[in-house]
There are 2 protein chains.
Amino acid sequence: MLKYQNQTRLLVAVDCIIFGFDGNKLKILLIKRGLEPKKDHWSLMGGFVQPAESTDEAAKRVLKQLTGLDGVYLEQFYTFSAKDRDPIERTISVAYFALIDIHQYEKQISEEYHAEWFQLDQIPELIFDHSQMVAMAREKLRYKAALHPLLFELLPVKFTLPLLQSLFEDVYETNFDKGNFSRKIISTGLLIKQKDKDKTNSKKGAFYYKLDKKHYKKNFHAVLKFIPNLNNHLEVEK
Amino acid sequence: MLKYQNQTRLLVAVDCIIFGFDGNKLKILLIKRGLEPKKDHWSLMGGFVQPAESTDEAAKRVLKQLTGLDGVYLEQFYTFSAKDRDPIERTISVAYFALIDIHQYEKQISEEYHAEWFQLDQIPELIFDHSQMVAMAREKLRYKAALHPLLFELLPVKFTLPLLQSLFEDVYETNFDKGNFSRKIISTGLLIKQKDKDKTNSKKGAFYYKLDKKHYKKNFHAVLKFIPNLNNHLEVEK
DNA sequence: TCAAAAGTGTTAGTTCTACACCCATGT
DNA sequence: ACATGGGTGTAGAACTAACACTTTTGA
């Protein structure tokens with residue numbers, strides 16, 4: 001096969017920011033890096049892109065390795081390429097964020113990786129430019145979730161409105177009026193009310209809802225104007 | 001220097017979608033590719049990332065080569081990595097979009113590249129996955145411009161509101177009410193009214209405005225809610 | 001019966017949209 | 001004087017934010 005002449009080939013990696021929501025706080029999953037350099041330092045889950053796979057496939061593979069989960073929401077958001085970002089050898093990294101239902105995640109599987117969930121305000125020092133990746137992933141999540149019904153991916157199949165609200169509140173670091181929030185969510189037509197209630201948080205109990213998968217794709221933009229004063233919650237990027 | 005063992009290195013390229021606005025239509029700049037394969041086919045401007053530069057730097061370099069322009073608005077938006085996207089050799093490409101004032105662009109400089117402006121509805125067949133890149137760049141531009149005062153980058157320093165409106169209309173393929181449009185734009189506080197008018201389009205003439213550079217960065221989000229029914233104009237991405 | 005969380009109602013204020021109208025001026 | 005594009009005014013609809021109120025039920 002013909003090749004391009006006189007060009008330098010580079011290592012290409014993927015790194016995943018894996019978001020989960022424990023019902024109270026948004027968290028990300030970190031691991032203790034298994035190889036030198038920076039062995040045993042906290043790191044995102046990542047790996048080199050293999051010759052036979054796209055970066056999407058690489059990210060899926062990596063995610064499967066760490067969480068055991070398939071079919072997870074995964075989105076490429078930025079490629080990091082500073083020439084000294086990896087001290088050992090020039091590597092460019094395509095970064096992804098993933099949204100998983102934290103309860104489906106099998107702790108056992110990950111224990112061999114020494115994985116741990118961290119709240120966003122308690123993230124330890126990370127290797128390389130991984131802190132910057134996390135910050136950017138978080139920002140992108142806010143952007144995207146303001147326009148698209150994305151955060152449902154972090155919840156179980158059945159969830160209550162108060163739970164959904166507390167997720168939004170944690171993502172946007174603000175509080176919403178429950179009345180206004182529930183009206184807006186309901187008005188998207190994305191949710192189907194269930195007959196049963198979750199009574200773990202109150203005597204009265206809160207009705208469960210499910211996503212209406214039919215309307216889900218169709219109304220993928222329906223969340224615009226969800227966030228009061230969105231402007232205050234999206235940071236300037238550059 | 002130590003290296004990572006047993007990993008495949010890949011070619012990494014950048015490709016640029018260069019947007020310009022001629023006062024009437026949004027256009028992109030394409031070139032006839034200079035090397036095999038697909039020599040003389042229409043293509044985005046791109047190039048391989050060199051060992052000493054980040055992808056941002058590579059994109060800047062490529063842009064300078066084609067347009068002669070420095071300090072142009074340039075934004076990375078997606079990395080394309082399908083393993084057969086380049087038939088010669090596996091190459092991943094980091095795609096950027098650029099916004100330039102078409103009138104500052106020196107036609108002479110580009111003639112050696114056989115560059116040409118194309119309206120978005122008249123784009124010829126492009127090599128590799130470049131058509132997909134263009135489609136995605138356009139979509140990202142709509143997203144970003146709905147939230148940030150970005151489109152000013154496509155205009156001269158002094159511009160009129162009708163001109164700005166026609167740019168928005170072309171980007172979003174819709175028509176805005178001029179009264180509502182001008183009130184919303186003015187209310188951002190981003191524009192400074194000039195004393196002189198542009199009389200090329202009417203007897204009365206339309207006042208020129210300039211961007212208020214001070215407020216520009218500060219109010220970078222101020223454009224939210226600019227696009228009536230934004231939902232109808234942003235496509236589902238995936 | 002009472003505390004606590006879920007959920008509904010209400011209202012004042014704001015913003016949006018559509019469209020009518022006025023303005024400036026070269027021909 | 002009038003046609004043309006620039007620019008302003010405005011009424012009704014729609015949406016928002018804030019907060020008071022009602023409901024449910026386990027303890």
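Every chain is numbered from 1 and lettered A, B, ... according to where its sequence line falls, protein lines coming before strand lines.
Dashed line: the shortest gap from a side-chain N or O of B:K199 to OP1 or OP2 of C:dG26 is under 4.0 Å. Regarding contacts with the backbone of C:dG7, every side-chain N or O of A:K178 stays at 4.0 angstrom or more from both OP1 and OP2. For A:K184 and D:dA17, the shortest distance from a side-chain N or O to OP1 or OP2 is below 4.0 Å.
The interatomic distance linking A:N175 (CG) with D:dA18 (P) rounds to 11 Å, in whole Å. In this entry the distance linking CD of B:Q165 with P of D:dG7 reads 11 Å, nearest Å. The separation between A:D198 atom CG and D:dG26 atom C1' is 15 Å, rounded to whole Å. In this structure, CD1 of B:I186 is placed 16 Å from P of C:dT15, rounded to the nearest angstrom. Note: CZ (B:F176) to P (D:dG7) measures 18 Å, nearest angstrom. For the pair A:F181 CZ and C:dG7 C1', the computed distance is 14 Å after rounding to whole Å. Here the P atom of nucleotide C:dT8 and the CD1 atom of A:I185 are 14 Å apart, to the nearest Å. Between the CZ atom of B:F207 and the C1' atom of D:dG5 there is a distance of 14 Å, rounded to whole Å.
One can find a donor-acceptor pair under 3.5 Å joining the base of C:dA6 and the side-chain atoms of A:K204. Side-chain atoms of A:N180 and base atoms of D:dA17 include a donor and an acceptor less than 3.5 Å apart. Contact annotation: side chain of A:R183 to base of C:dG7, donor-acceptor pair absent below 3.5 Å. At a cut-off of 3.5 angstrom, the base of D:dT4 holds no donor-acceptor pair with the side chain of B:K203.
Comparing atom distances between the A:S202 side chain and each of C:dG7, C:dC19, C:dA5 picks out C:dA5 as nearest. If you check D:dG7, D:dC19, C:dG7 against the side chain of A:P162, the one that comes closest is C:dG7.
Between B:F159 and B:H103, a ring centre-to-centre spacing not shorter than 6.0 Å is recorded. Ring centers of B:F19 and B:F21: at least 6.0 Å apart, outside the cut-off.
Residue contacts shown for B:N201 are limited to sugar-phosphate atoms, with no base heavy atom under 4.0 Å away.
Of the two residues near DNA chain D, A:D177 and B:D177, the one whose nearest nucleotide lies more 5' is B:D177.
For B:K158 and B:Y208, the positive end sits near the middle of the six-membered ring, less than 6.0 Å away and at most 45° from its axis. Geometric assessment of A:K197 against the ring of A:F207 yields a positive cation-pi assignment under the 6.0 Å and 45° thresholds. Taking the ring centre of B:Y209 as origin, the terminal cationic atom of B:K193 falls outside the region bounded by 6.0 Å and 45° from the ring axis.
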